[in-house]
Amino acid sequence: MTAARAFKSDNGRRALLAKVHLAKKDLRLDDDTYRDILERITGRRSSAECSVGELETLVAHFRAQGFVPNAIAGGKSGTAPVLDRRRAADHPVAKKARAMWISLHQLGVVENPSEQALEAFAKRQLGVERMQWMDQGLGYKLVEALKAMAEKEGWSHDLAGVEKKLQIRILKVRLAWAQAKRLGERFSAAAMSDAALDAAIAAYAVRIWEARRG
């Protein structure tokens with residue numbers, strides 16, 4: 001490798017590391033959660049030990065979870081992101097709605113996976129200003145609205161007869177299948193670990209949005 005190529009590669013790696021660290025901050029991950037994600041996706045506990053390819057996979061995973069490296073809120077283009085620091089709704093139904101919203105982004109249905117976009121959607125659907133103020137009945141209506149969006153796009157949420165301990169994996173497999181279908185491909189999760197399934201979903205999400213944005 002020439003000195004120029006080595007310099008370019010090193011710069012690219014530093015940029016990826018910076019994105020990973022920014023994602024940790026933006027997604028408000030504590031150290032243990034962050035390192036658990038690193039280990040699940042790359043097999044390592046430190047981003048400093050990751051290869052360029054592993055860092056790219058990490059960034060793709062964080063993007064699929066709602067991290068938007070260039071997102072600007074209330075600032076000028078090219079400035080650092082200004083984040084909304086209001087506390088996110090933390091009751092179970094809000095967490096479920098948030099997970100579905102991000103997954104719909106991974107499927108290419110929801111363009112903006114941010115908390116603010118979900119809050120705006122909830123306001124349109126329910127007429128409440130904040131998800132934190134939803135009661136159980138309104139939360140159920142929100143989740144059902146998101147399920148309807150998913151079903152319309154080929155991501156089935158029918159879990160009748162599925163053991164509770166298998167439901168999350170089944171939904172993830174169905175999400176990956178729907179993503180692959182959108183890309184004109186086939187998907188099989190046979191013998192695929194949970195970590196590999198998560199990585200596949202993240203990679204499909206990147207490809208779907210690259211295709212949509214041309």
Please identify each residue that fulfils salt bridge (Lys or Arg N to Asp or Glu O under 4.0 Å) with Glu56, with sequence neighbours left out.
none
Does anything in residues 21-55 form a ring-ring contact (aromatic ring centres under 6.0 Å, His included)? List the pairs, not counting sequence neighbours.
none
Sequence neighbours excluded, the answer for side chain to side chain contact (heavy atoms under 4.5 Å, CB included) partners of Asp158 is Ser156, Ala160
Please confirm whether the backbone N or O of His105 pairs with a side-chain atom of Glu111, one donor and one acceptor, at under 3.5 Å?
no
Tell me every residue that passes side chain to side chain contact (heavy atoms under 4.5 Å, CB included) with Glu185, counting only those two or more places apart in sequence or in another chain.
Ala180, Leu183, Tyr204, Arg207
So, Glu39 and Arg44, do they make that salt bridge, N to O below 4.0 Å?
no
Name the atoms and distances for all side-chain donor-acceptor pairs under 3.5 Å in residues 190-203, with sequence neighbours left out.
| residue | atom | partner | partner atom | Å |
| --- | --- | --- | --- | --- |
| Ser193 | OG | Ala196 | N | 3.1 |
| Asp194 | OD1 | Arg169 | NH1 | 2.7 |
| Asp198 | OD1 | Lys172 | NZ | 3.0 |
| Asp198 | OD2 | Arg40 | NH1 | 2.4 |

Trp177 (side chain) donor-acceptor with Gly154 (main chain) under 3.5 angstrom
no
Please check if atom CZ in Arg212 has more than 12 non-hydrogen atoms from other residues, nucleotides or ligands closer than 6.0 Å.
yes
Got a list of side-chain donor-acceptor pairs under 3.5 Å for residues 142-153, not counting sequence neighbours?
| residue | atom | partner | partner atom | Å |
| --- | --- | --- | --- | --- |
| Glu151 | OE2 | His157 | N | 2.7 |
| Glu153 | OE1 | Arg182 | NH2 | 2.5 |

Does the Arg35 side chain pair with the main chain of Arg45, one donor and one acceptor, at a distance under 3.5 Å?
yes
Main-chain N/O of Leu171 paired to Trp155 side chain as donor or acceptor, under 3.5 Å
yes
